[in-house]
Amino acid sequence: MAAPSFSTATLTPVLIHLLRGASDLASIAATHAKLLKAGFASTLASSNHLLAAYSRCGAMNRARDLFDGMRHRDVISWTTLMSGYAASGRPREAIALLRVMQFSGVQPNVVTLSTAASACARLADEGLGRQVHARAEVAGCARDAVVATALVDMYGKAGRVEDSRAVFDGMAAPARNAVSWGAMLAVYAQNALGNEAIQLFAELRTNGGGLAPNHFMLSCAVSACAGVARLSIGKCVHGAVLRLGHGNNEVIAVALVDMYSKCGCYEYSRKVFDRIEQPSLIPYTSIIVSAAKYGLGRCALALLGEMVDRGVQPNDVTLLGVMHACSHSGLVDTGLQLLRSMQSKYGLAPCPSHYTCAVDMLGRAGRLDEAFELAKEAQIEGKEPLLLWNSLLSACRTHKRLDLATLAGQRVSEFNQDVAGGLVVMSNAYASAGQTDNAAAVWSSMRRRGIRKDPGCSWIEVKDIPYVFYAGAISCAGARADEVLMLLDELECKMREKGYKGRLGSARVSDGHEDDGDEGKGVMVGVHSEILALGFGLLVVPKGMTIRVMKNLRMCSDCHEAFKFISGIVEREFVVRDLNRFHHFKMGACSCNDYW
DNA sequence: TTAGGGTTAG
């Protein structure tokens, strides 16, 4: 019997099959050598297979050499190389190839253009993205499901949400599939437009042609609820997650941990986390960051220990979370130790944000000279030092160290970008020290320079509807506005009897955390937004239920005191989420023990 | 048949 003989015609498919399964450079190179030996390496199809294989394992230099040596290249060769560059973190080179390709007379197809759009998304480059969009229009494929979805994602990553939506709306209904819906949801969620995301998620039911939410859409929906702290909707989505069988999906679980934490329910976060079987880096980081927001420093430290014991390496975000937890629970020296040991213990160099956290921690503990030394030591470049000096400035104000405030204020004013926050703090430092002329000068300089600060606002969700309050503006309470003001008036009297020294509302030099409220139609000019939200909550949230107030800025110390008093007087529990953390008020005290 | 789209911590 004759020995089996393989012709090159049968050998090539075998080798190509080998290439497809190969993920390491060595085996790809070996197959490449065999193809060369068989004399088939230079056919277009084999070369394309080799290109794909090298690209898949990230060997872009090998792929490029091969590509440069090819006698003929078709649209697949070009697209394969583009895709390889985009996937290996070199999206700019991918886009550059698109130009050369067209120059060499090869026309891009839908695959090329979707690859190009996704490369632009990685760059978050709107200008390049628009060029790709225009090419897709010219080629007549801008409404192709994949191209359009990549464009939706691209505009979203570049922060152009309306353009994303226009592309999404321009897709013919049959072209819209689960991926395009998911992409649009992600755009809203990633651009802090949680309410729009929630609305789109609801639209899926009516206009989605029977599409069921998949794990992508669910994680986006949960994350959208987290962003706008919509607890009741978040719980509904959680229900859908369980019903649809995604209870064991780690990505969704992380989104849920984050959502419950941002909605003021740490216990639920913890429950969701505890159900994750082998939590990896991101779940651990997420629960640590949650614990930090609730001032659970020891708990965060325990979680860090647990993850290290399980062989999960923390990263810079994890350690920042632990430092915040230390900061929010008064474990100042433990937090500093962590900063000092992160390089030796975890191989991570401290980032500007770690220094900022440490400086903030020392500043709030009144250790201002140490904070100053650390701030000087931190060799930080770029935008970050603004935050660092700003936080120090704030601490100088609290602890009435005008000597250091002036120094920090100088550093803050060296930054030309986004100075509003810093100037407000500077003005408050003057005001606290009784230098009202200087305080007013800073304000007028801000007005002259057209610098505005985001207005402070607080909101409360009642029966799925968010009510947003601004300082001094009670109109959001609608017909109950007068009742709210009367209630607050009455509460203020009772608080005074119990020793409250602050003022719920009155005309005064702004303490800066809110500055441009209404002129005040009611009796309380200048009353802070969280007080109004609380007053409204006391009227409409049934007794026995916790009142949850969200705020976009840090709570001021006056309001914090007021909330403590009120919780004792009305015997109710309040949870306030401010910019940094949660405060749980109960029986006249706050869970933060006045660290914030 | 070798190339394409969406998710989680800060």
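As a basis for the values below, the full set of heavy atoms in this structure was taken, side chains included, without hydrogen atoms, waters or symmetry mates. Sequence lines set the chain letters: A, B, ... in the order given, protein chains first and strands last, and positions in each chain run from 1.
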Output yes when at least one side-chain N/O atom of [X] is less than 4.0 Å from OP1 or OP2 of [N], else no.
X: A:Lys262; N: B:dT8; value: no
X: A:Lys157; N: B:dG5; value: no
X: A:Arg56; N: B:dA3; value: yes

Classify the side chain of [X] versus the base of [N] as yes if they form a donor-acceptor pair under 3.5 Å and no if they do not.
X: A:Asn48; N: B:dA3; value: no
X: A:Asn177; N: B:dG5; value: yes
X: A:Thr115; N: B:dG4; value: no

Quick one: label [X] by what it contacts on the DNA or RNA (base, sugar-phosphate, nothing), any heavy atom closer than 4.0 Å.
X: A:Val179; value: base
X: A:Ala117; value: nothing
X: A:Val222; value: nothing
X: A:Ala178; value: base

To the nearest Å, how far apart are [X] [atom1] and [N] [atom2]?
X: A:Tyr260; N: B:dA9; atom1: OH; atom2: P; value: 16 Å
X: A:Arg122; N: B:dG4; atom1: CZ; atom2: C1'; value: 11 Å
X: A:Met217; N: B:dG5; atom1: CE; atom2: P; value: 17 Å
X: A:Asp74; N: B:dA3; atom1: CG; atom2: C1'; value: 9 Å
X: A:Asn315; N: B:dT8; atom1: CG; atom2: C1'; value: 13 Å
X: A:Asn248; N: B:dT8; atom1: CG; atom2: P; value: 20 Å
X: A:Leu81; N: B:dG4; atom1: CG; atom2: P; value: 12 Å
X: A:His133; N: B:dG5; atom1: NE2; atom2: P; value: 18 Å

[X], nearest nucleotide to its side chain (from [options]):
X: A:Ser83; options: B:dA3, B:dG5, B:dT2; result: B:dA3
X: A:Ile76; options: B:dG6, B:dT2, B:dT8; result: B:dT2
X: A:Ala52; options: B:dT7, B:dA3, B:dG10; result: B:dA3
X: A:Gln190; options: B:dT8, B:dT1, B:dG10; result: B:dT8
X: A:Asp258; options: B:dG10, B:dA3, B:dT7; result: B:dG10
X: A:Asp144; options: B:dG4, B:dA3, B:dG10; result: B:dG4
X: A:Leu281; options: B:dA9, B:dT1, B:dT7; result: B:dA9
X: A:His49; options: B:dT1, B:dT8, B:dA3; result: B:dT1
X: A:Leu320; options: B:dG10, B:dT8, B:dT7; result: B:dG10
X: A:Thr149; options: B:dG5, B:dA3, B:dT7; result: B:dG5

* Per the side-chain hydrogen bond (donor to acceptor under 3.5 Å, both in side chains) rule, which among A:His133, A:Glu126, A:Arg165 passes with A:Tyr155? ->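 Single pass found, and it is A:His133.
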Flag, side chain of [X] to backbone of [Y], donor-acceptor distance under 3.5 Å:
X: A:Ser269; Y: A:Val257; value: yes
X: A:Thr356; Y: A:Leu387; value: no
X: A:Arg581; Y: A:Ala292; value: no
X: A:Arg135; Y: A:Leu113; value: no

What is the ring orientation for A:Tyr260 with A:Tyr268, classed by angle as parallel under 30°, tilted 30 to 60°, or perpendicular over 60°?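 Rings of A:Tyr260 and A:Tyr268: perpendicular, as their planes differ by over 60°.
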Parallel under 30°, tilted from 30 to 60°, perpendicular over 60°: which one fits the rings of A:Trp181 and A:Phe168?
->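 Rings of A:Trp181 and A:Phe168: perpendicular, as their planes differ by over 60°.
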